[in-house]
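Report on the structure given below.
Along the sequence shown, the residues carry numbers beginning at 1. Below, each value reflects all heavy atoms present in this structure, side chains not excepted, and no hydrogens, waters or symmetry copies.
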Amino acid sequence: MPTPSAHAAPRGLAVVTGASVGIGHATASALEKAGYTVIAASRRLTTAPPQATGTTTHQLDVTDADSVAALERTVASHPTPLTLLVNNAGIPTRAATIADSDLADWRGTYETNVVGAVQTTQTLLPHLLRHRGHVQFIGSTVGRVPYERGAAYAASKYALTALVQTLRLELNGLPVRVTEIAPGMMRGDDAGGEFMRTRFDNDPQAIAAVYQGVDNPLTPEDIADTVVWCATRPAHVDIDLLEIRPLAQAAQHKVHRTR
């Protein structure tokens with residue numbers, strides 16, 4: 001699906017959470033190229049590249065009410081109206097069985113991946129309602145089919161799916177579109193990305209085993225391209241859900257490997 005050119009007409013203000021790395025970073029860049037003015041919000045601030053004149057950074061912790069309120073004030077004072085919110089902020093958990101998992105991981109993951117998305121959406125929804133906006137959530141295929149030693153993360157993504165589907169029902173008849181994008185096997189910015197480094201405690205051999213023989217996992221840019229495509233459909237078209245996997249991954253446990 002082609003990404004609109006950098007000379008596309010202005011499309012409004014987009015807020016992307018978790019924008020310092022991975023999908024969030026790629027999405028902020030893709031939206032700027034598509035004609036959006038972008039606020040790239042994240043706990044760890046990064047400097048926008050020189051060519052990204054339409055992107056500014058904003059420090060944000062989605063689990064902190066004061067931090068989210070500060071984001072809302074920035075949006076309210078911005079000269080460009082908010083038309084898109086991409087709820088991407090999320091954290092993984094270390095691989096562990098339910099019997100051996102750390103309850104702190106469960107609480108932290110749920111607080112960021114679910115409650116953080118609720119808090120950000122609640123706070124910015126009035127702006128989106130005023131400007132026929134769109135709210136997107138980055139979920140996961142694990143939010144429908146779990147895998148062993150990943151229950152805490154999977155549970156948070158199942159909950160996120162319930163959030164998205166409920167929001168879609170509750171906003172029916174109002175001028176806000178709601179979308180979930182659920183990626184499958186994806187390789188991050190470097191050796192597996194931050195997600196895999198956390199999951200496997202920075203064990204390069206364990207990370208390499210996940211991708212062994214899979215020549216083309218998804219990339220953050222693939223998901224960013226999809227975010228832009230969903231956002232730029234006509235206003236009457238709502239992409240409720242897109243599940244995206246690499247061609248090699250037919251299902252959660254069905255992966256073609258060449259070696």
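Side-chain contact between Ile239 and Gln136 is absent, with no heavy-atom pair separated by less than 4.5 Å. Side-chain contact between Ile91 and Arg43 is present, with heavy atoms from C-beta onward closer than 4.5 Å. Looking at heavy atoms from C-beta onward, Leu247 lies out of side-chain contact with Asn216 at the 4.5 angstrom threshold. Residues Val15 and Leu71 meet the side-chain proximity criterion, which asks for heavy atoms closer than 4.5 Å. With a 4.5 Å cut-off on side-chain heavy atoms, Tyr211 and Met185 count as touching. Between Ser42 and Thr57 there is no side-chain heavy-atom pair separated by less than 4.5 Å. In this structure, Val228 and Lys33 have side chains that are not in contact, with every pair of non-hydrogen atoms separated by 4.5 Å or more.
Of all non-hydrogen atoms in Thr179 and His134, the two that sit nearest each other are OG1-NE2, 2.8 Å. When every heavy atom of Ala96 is checked against every heavy atom of Ser101, the shortest pair comes out as CB-CA, 3.9 Å. In terms of heavy atoms, Glu32 sits closest to Val38 at N-CG2, 3.7 Å. Residues Thr83 and His131 approach most closely at CG2-O, 4.0 Å, considering heavy atoms. Ala182 and Leu241 get closest at one heavy-atom pair: CB-CD1, 4.4 Å. Shortest non-hydrogen contact noted between Pro146 and Val142 is CA-CG2, 3.8 Å.
For residues 65-75, the set of pairs meeting the salt bridge (charged side-chain N to carboxylate O under 4.0 Å, His left out) definition, not counting sequence neighbours, is empty. Counting only residues at least two apart or on different chains, the salt bridge (charged side-chain N to carboxylate O under 4.0 Å, His left out) pairs with a member in residues 158-171 are Arg168-Asp238, Arg168-Asp240. Within the structure, salt bridge (charged side-chain N to carboxylate O under 4.0 Å, His left out) contacts touching residues 145-166 (residues at least two apart or in different chains) do not occur. Residue pairs meeting the salt bridge (charged side-chain N to carboxylate O under 4.0 Å, His left out) criterion with at least one partner in residues 207-219, sequence neighbours excluded, are Asp215-Arg259.
With sequence neighbours left out, Arg94 forms a side-chain hydrogen bond (donor to acceptor under 3.5 Å, both in side chains) with Asp105. Residues that satisfy the salt bridge (charged side-chain N to carboxylate O under 4.0 Å, His left out) test with Arg257, not counting sequence neighbours, are absent from this structure. Annotation: side-chain hydrogen bond (donor to acceptor under 3.5 Å, both in side chains) contacts of Arg130 (sequence neighbours excluded): His127. For Phe137, there are no ring-ring contact (aromatic ring centres under 6.0 Å, His included) partners, not counting sequence neighbours. Residues forming a side-chain hydrogen bond (donor to acceptor under 3.5 Å, both in side chains) with Ser156 (at least two apart in sequence, or on another chain): Asn113. Among residues two or more places apart in sequence or in another chain, the side-chain hydrogen bond (donor to acceptor under 3.5 Å, both in side chains) test is passed with Glu243 by Arg144. Under the side chain to side chain contact (heavy atoms under 4.5 Å, CB included) criterion, Val145 pairs with Gln252, sequence neighbours left out.
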*Going through the distances and angles, do Asn87 and Leu160 end up as a side chain to side chain contact (heavy atoms under 4.5 Å, CB included)?*
CA-CA 10 Å; Asn87 282 302; Leu160 186 69; over 6 Å; no
*Report the C-alpha distance between Leu31 and Arg11 in whole Å, list the side-chain angles of each, state the deciding distance to 0.1 Å, and finish with yes or no for side chain to side chain contact (heavy atoms under 4.5 Å, CB included).*
CA-CA 9 Å; Leu31 287 170; Arg11 298 184 182 276; over 6 Å; no
*For side chain to side chain contact (heavy atoms under 4.5 Å, CB included), just list the numbers for Leu242 and Thr226, CA-CA rounded to whole Å, side-chain angles, deciding distance to a tenth of an Å, and then say yes or no.*
CA-CA 9 Å; Leu242 272 181; Thr226 304; 3.5 Å; yes
*asked:* For a side chain to side chain contact (heavy atoms under 4.5 Å, CB included) check, start with the C-alpha distance between Ile138 and Thr27, then their side-chain angles and the critical distance, and finish with the verdict.
replied: CA-CA 11 Å; Ile138 305 301; Thr27 295; 5.8 Å; no
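The backbone N or O of Thr74 lies less than 3.5 Å from a partner atom in the side chain of Ser77, making a donor-acceptor pair. Of the possible polar contacts, one joining the Thr17 side chain to the Ala89 backbone as a donor-acceptor pair under 3.5 Å is found.
Through direct or indirect side-chain contacts shorter than 4.5 Å among Ile, Leu, Val, Met, Phe, Trp and Tyr, Leu169 is connected to no other residue.
To the nearest 0.5 angstrom, Thr219 atom OG1 is 9.0 Å from Asp225 atom CG. With rounding to the nearest 0.5 Å, the separation of CZ in Arg44 from CG in Asp61 is 12.0 Å.
The 12-atom threshold is not exceeded at CZ of Arg132, counting heavy atoms of other residues, nucleotides or ligands nearer than 6.0 Å. With a 6.0 Å radius and a threshold of 12 heavy atoms from other residues, nucleotides or ligands, Gln205 has its CD atom at or below the threshold. Atom CD1 of Ile98 has 12 or fewer heavy atoms from other residues, nucleotides or ligands within 6.0 Å.
When the options Leu163, Val164, Val135 are evaluated for a side chain to side chain contact (heavy atoms under 4.5 Å, CB included) with Glu180, the one that passes is Val164.
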